[in-house]
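A quick write-up on the structure given underneath.
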There are 2 protein chains.
Amino acid sequence: MAVVKSVDVLTEQFRAKGLKVTPQRQSIFRALSSSRVHPTAESVYAAVSSEMPTISLRTVYQTLNDLAAMGELSTLDVGTGSTRFDPNLEPHHHLVCDECGSIEDLHADFPGVAVPTGGEAGGFEVTGTEIVFRGCCASCVAGRPSQQHNTGGARAHG
Amino acid sequence: MAVVKSVDVLTEQFRAKGLKVTPQRQSIFRALSSSRVHPTAESVYAAVSSEMPTISLRTVYQTLNDLAAMGELSTLDVGTGSTRFDPNLEPHHHLVCDECGSIEDLHADFPGVAVPTGGEAGGFEVTGTEIVFRGCCASCVAGRPSQQHNTGGARAHG
DNA sequence: AGGTTGATCAACAACGATTGTTGATCAGCA
DNA sequence: TGCTGATCAACAATCGTTGTTGATCAACCT
Ligand SMILES: [Mn+2]
Ligand SMILES: [Mn+2]
Ligand SMILES: [Zn+2]
Ligand SMILES: [Zn+2]
């Protein structure tokens, strides 16, 4: 359940790179370390703004990009228009709700998932595998107009 | 190896929906049915422009969106800035080259890939599963400065 | 403690991808 | 042939993101 490195560790990393540790950056560190929701730059901005109203969106983008460049954050693109930032450094996959746009983590590994050698895609050198499950999250399912339970017929792949 | 439906079939579908079958649309149909490269709107525009120089980018977007809305085309977002259109209607997965940006199809199914019930993501209703392998395509690997063969050490997940 | 130097700010402009709009012209199809 | 939607050019506008500028500030090293 480890997320982004602690505020202290990030502080160290910034210092080591000759980057100053400013209150803005610390505030962003804090916002990230207490977040499990794959925030956008805007939403980090909103969170940080509440305790530091003068921070600029520009600074938020800047710091998020710094963190991503340092590998302390990864970026996600699920087709919702804006980039999501993922403070969870562990290898994992994602469940994207088509209804509310939420993104949940799935900590599972699928050992069978690999590119078959010599086939259609022979010679492709894999460095990373991302699985995205699309569908409807539990809370959106719960909020639906009541209807007969229909447990069958979910097609794989859309 | 079936790709987008034939030009004739798409023609029928458009007529059935009360949409007119114009030379522009037919040209776009043709460009798609002979494409295996997950083109962007711009690249479809470029292809069609060569045989129909007066077509507008606006019309290309319009038709691609129509096709996507009809389910005759799917859209892909791999974080390269622009939407890729996929004329391949069969369920499949993708290999994205981080070097040249190419996207190859992988026609394989991974029966083990499913959201574990009752765990971290209990209650999520899956409607589609997309697997993206990131790495380096065969031709980019081939074009590298010669070095010792290193066949080990590909980490899964980045 | 003080000076150097990078960080931040406001206030913009600019970008690329995509969509909206308008009015005029054109052409598919019944 | 006529109705009506499609297309066109030529824009403007949107959204997310990055660039720029000059002024101010403050983290950090000595
Ligand atoms: Mn995640
Ligand atoms: Mn494909
Ligand atoms: Zn939901
Ligand atoms: Zn490549």
Side-chain angles (χ1 to χ4, degrees), chain A residues 7-8 10-29 31 38-46 48-49 51-70 73-86 101 103, chain B residues 7-8 10-29 31 38-46 48-49 51-70 73-86 101 103:
Chain A
V7 174
D8 295 350
L10 290 180
T11 295
E12 271 322 297
Q13 305 229 196
F14 264 61
R15 290 238 171 83
K17 276 201 167 325
L19 301 173
K20 293 179 179 173
V21 176
T22 66
Q24 288 88 345
R25 286 171 173 172
Q26 286 174 306
S27 183
I28 293 170
F29 296 168
H38 307 88
T40 63
E42 284 279 355
S43 80
V44 170
Y45 175 58
V48 171
S49 289
E51 64 174 35
M52 181 176 286
T54 70
I55 197 173
S56 77
L57 178 58
R58 197 71 188 71
T59 298
V60 173
Y61 270 109
Q62 194 64 51
T63 302
L64 290 175
N65 287 341
D66 287 345
L67 286 166
M70 295 166 61
L73 213 52
S74 60
T75 61
L76 245 68
D77 229 312
V78 291
T80 50
S82 38
T83 300
R84 319 286 297 242
F85 293 87
D86 195 340
I103 304 178
Chain B
V7 174
D8 296 349
L10 289 179
T11 295
E12 272 322 298
Q13 305 229 195
F14 264 61
R15 289 234 172 84
K17 278 202 168 324
L19 301 173
K20 294 178 177 172
V21 176
T22 65
Q24 288 87 345
R25 285 172 174 173
Q26 286 174 308
S27 182
I28 292 170
F29 296 168
H38 308 89
T40 63
E42 283 280 355
S43 80
V44 171
Y45 175 59
V48 172
S49 289
E51 64 174 35
M52 180 176 287
T54 70
I55 197 172
S56 75
L57 178 57
R58 198 71 189 71
T59 298
V60 174
Y61 270 109
Q62 194 64 51
T63 302
L64 291 175
N65 287 341
D66 287 345
L67 286 166
M70 295 165 60
L73 212 55
S74 60
T75 61
L76 246 70
D77 229 313
V78 292
T80 50
S82 38
T83 300
R84 319 286 297 244
F85 292 87
D86 194 341
I103 304 178

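Quick note on labels: first sequence line is chain A, next is B, and so on, each numbered from 1. Just so you know, these numbers come straight off a predicted model, no measurement behind them.
- Counting any heavy atom pair closer than 4.0 Å across all strands shown, A:T54 reaches sugar-phosphate atoms only and no base atom.
- Counting to the nearest Å, the P atom of C:dC29 and the CZ atom of B:F14 are 12 Å from each other.
- Of all heavy-atom pairs spanning A:A41 and A:V60, the tightest one is O-CG1, 3.7 Å.
- For the pair B:L57 CG and D:dA9 C1', the computed distance is 13 Å after rounding to whole Å.
- OP1 or OP2 of D:dT17 lies within a sub-4.0 Å distance of a side-chain N or O belonging to A:T83.
- Contact annotation: B:Y61 reaches the phosphate of C:dT18 (side-chain N/O to OP1 or OP2, under 4.0 Å).
- Across every non-hydrogen atom of A:Y45 and A:I55, the tightest pair is CE1-O, 3.3 Å.
- Nearer the 5' end of DNA chain C, as judged by each residue's closest nucleotide, is the contact made by A:L19, out of A:L19 and B:T40.
- Proximity of a side-chain donor or acceptor of A:R15 to a complementary backbone N or O of A:V21 within less than 3.5 Å is not detected.
- Using a 4.0 Å heavy-atom criterion, one finds that A:R58 contacts the bases of the nucleic acid, with or without backbone contacts as well.
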Scan nucleotides 23-27 of chain D against the protein and return all N/O pairs shorter than 3.5 Å with their distances rounded to 0.1 Å.
unit_1	atom_1	unit_2	atom_2	d
D:dA27	N3	A:K20	NZ	3.4

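- Rounded to an integer number of Å, the gap from CD of B:Q62 to P of C:dG20 is 8 Å.
- Proximity of a side-chain donor or acceptor of A:R84 to a complementary backbone N or O of A:L76 within less than 3.5 Å is not detected.
- Here the shortest heavy-atom pairing between A:A31 and A:V48 reads CB-CG2, 3.9 Å.
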